[in-house]
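Just below is one structure, and these are the notes that go with it.
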Amino acid sequence: MADWTRILGIDPGSRITGYGVIDTNGIKTRYVSSGCIRMADAPLPRRLRQIYAGVRAIVTEFKPEQVAVELVFMHRNADSALKLGQARAAAICATFEEDIECFEYAARAVKQSVVGRGGADKFQVQHMVKTLLCLNAVPMPDEADALAVALCHAHHQPLADRIASSLQQPGGAR
């Protein structure tokens, strides 16, 4: 059986940033930890600092080898999209000191990977995360979304690795 890889999934938000840590060996996946970084009612720069510090603490404690982050989708409100993008950047920057490889997934791809439908609602994502990771209780929405991002990466990465490996072998690319 292959070695285990630790993945940190992040669901960025300027008020609540969810995180989920799982281990996978390409065949099996196991739950490690999850939760939310909740920001105080403060100006955006202070909240971004909280996201950065919170993700740094998670990286220090759990030592993930890979990070998967949900991509920003276009909001109707440009200000909200900008704040979400900044929250995402703060979370990603918090992994730089450890030089962790970072992967990005669209929300529809995450839902498709975990639920089987790109238009799944939060309740379906929560239920499937609970089921796939054999959790005792349904995780909170932001926590479930972060675990779903990590699961999406765990499902996609083995195939991406095989494709990359075949392209590197002589005669692999045609």
Side-chain angles (χ1 to χ4, degrees), residues 1-13 16-39 48-72 84-85 87-116 120 122 125-168:
M1 200 173 286
D3 292 335
W4 290 87
T5 300
R6 179 150 295 171
I7 301 169
L8 168 61
I10 300 175
D11 177 41
I16 301 172
T17 291
Y19 72 89
V21 182
I22 63 171
D23 287 338
T24 185
N25 67 1
I27 298 166
K28 294 182 180 181
T29 303
R30 59 186 178 208
Y31 173 84
V32 176
S33 181
S34 61
C36 294
I37 302 166
R38 297 182 188 282
M39 274 49 80
L48 295 175
R49 183 180 303 152
Q50 285 180 282
I51 293 167
Y52 179 89
V55 173
R56 279 291 315 134
I58 293 161
V59 166
T60 300
E61 180 177 353
F62 294 105
K63 300 179 182 4
E65 296 156 273
Q66 298 175 347
V67 176
V69 183
E70 189 169 284
L71 281 168
V72 174
L84 184 56
R88 226 176 134 266
I92 291 170
C93 288
T95 69
F96 286 173
E97 285 182 50
E98 308 302 322
D99 196 28
I100 303 168
E101 197 169 6
C102 187
F103 301 85
E104 301 171 303
Y105 296 94
R108 289 189 67 80
V110 171
K111 292 173 183 178
Q112 177 72 36
S113 177
V114 174
V115 178
K122 285 206 175 275
V125 172
Q126 288 174 279
H127 172 75
M128 286 306 298
V129 165
K130 176 186 181 284
T131 302
L132 291 169
L133 293 173
C134 302
L135 302 177
N136 293 327
V138 174
M140 297 301 294
D142 297 290
E143 186 178 359
D145 288 349
L147 286 166
V149 173
L151 284 166
C152 176
H153 180 63
H155 296 158
H156 283 84
Q157 195 55 41
L159 177 60
D161 289 345
R162 284 194 298 273
I163 291 170
S165 176
S166 73
L167 293 175
Q168 292 173 358

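When each of Lys63, Arg6, Lys28 is tested with Asp23 by the rule salt bridge (charged side-chain N to carboxylate O under 4.0 Å, His left out), just one qualifies, namely Arg6.
Applying the side chain to side chain contact (heavy atoms under 4.5 Å, CB included) criterion to Val138, with sequence neighbours excluded, gives Gln126, Lys130. Met128 pairs by the side chain to side chain contact (heavy atoms under 4.5 Å, CB included) definition with Val114, Val115, Leu132, not counting sequence neighbours. For Arg49, the side chain to side chain contact (heavy atoms under 4.5 Å, CB included) test picks out no residue, with sequence neighbours left out. Residues forming a salt bridge (charged side-chain N to carboxylate O under 4.0 Å, His left out) with Arg56 (at least two apart in sequence, or on another chain): Glu97, Glu98. Residues passing the side chain to side chain donor-acceptor pair (under 3.5 Å) test with Glu143 are Ser34, sequence neighbours excluded. Under the side chain to side chain donor-acceptor pair (under 3.5 Å) criterion, Lys122 pairs with Asp145, sequence neighbours left out. Remark: Ser113 pairs with His155 by the side chain to side chain donor-acceptor pair (under 3.5 Å) rule, at least two apart or across chains.
Atom-to-atom distance recorded for Ile51:CD1 and Ile16:CD1 is 11.0 Å, nearest 0.5 angstrom. Between Thr95 atom OG1 and Tyr52 atom OH the span is 9.0 Å, to the nearest 0.5 Å. Taking OG1 of Thr17 as the start and CD1 of Ile10 as the end, the distance is 8.0 Å to the nearest 0.5 Å. Atom SG in Cys134 sits 13.0 Å away from atom CZ in Arg30 (nearest 0.5 Å). Ile7 contributes atom CD1, which lies 11.0 Å from atom CG of Leu147 (distance to the nearest 0.5 angstrom).
Residues Phe62 and Leu8 are not in side-chain contact: their nearest non-hydrogen atoms beyond the backbone lie 4.5 Å or more apart. Counting heavy atoms from C-beta on, the side chains of Ile92 and Val67 never come closer than 4.5 Å.
Of all heavy-atom pairs spanning Tyr19 and Cys36, the tightest one is CE2-N, 3.7 Å. Considering every non-hydrogen atom in both Ala144 and Val125, the closest pair reads O-CG1, 4.2 Å. Summarising the geometry of Ile22 relative to Ala154, their closest heavy-atom pair is CD1-CB, 4.0 Å, with the distance given to 0.1 Å. Annotation for Ala87 and Pro12: closest pair C-CB, 4.3 Å, computed over non-hydrogen atoms. The nearest pair of heavy atoms linking Ala150 to Gly20 is CB-O, 4.2 Å.
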Please tabulate, one pair per line, all N/O donor-acceptor pairs under 3.5 Å involving side-chain atoms of residues 100-110, not counting sequence neighbours.
from, atom 1, to, atom 2, distance (Å)
Glu104, OE2, Arg88, NH2, 2.3
Tyr105, OH, His153, ND1, 2.6

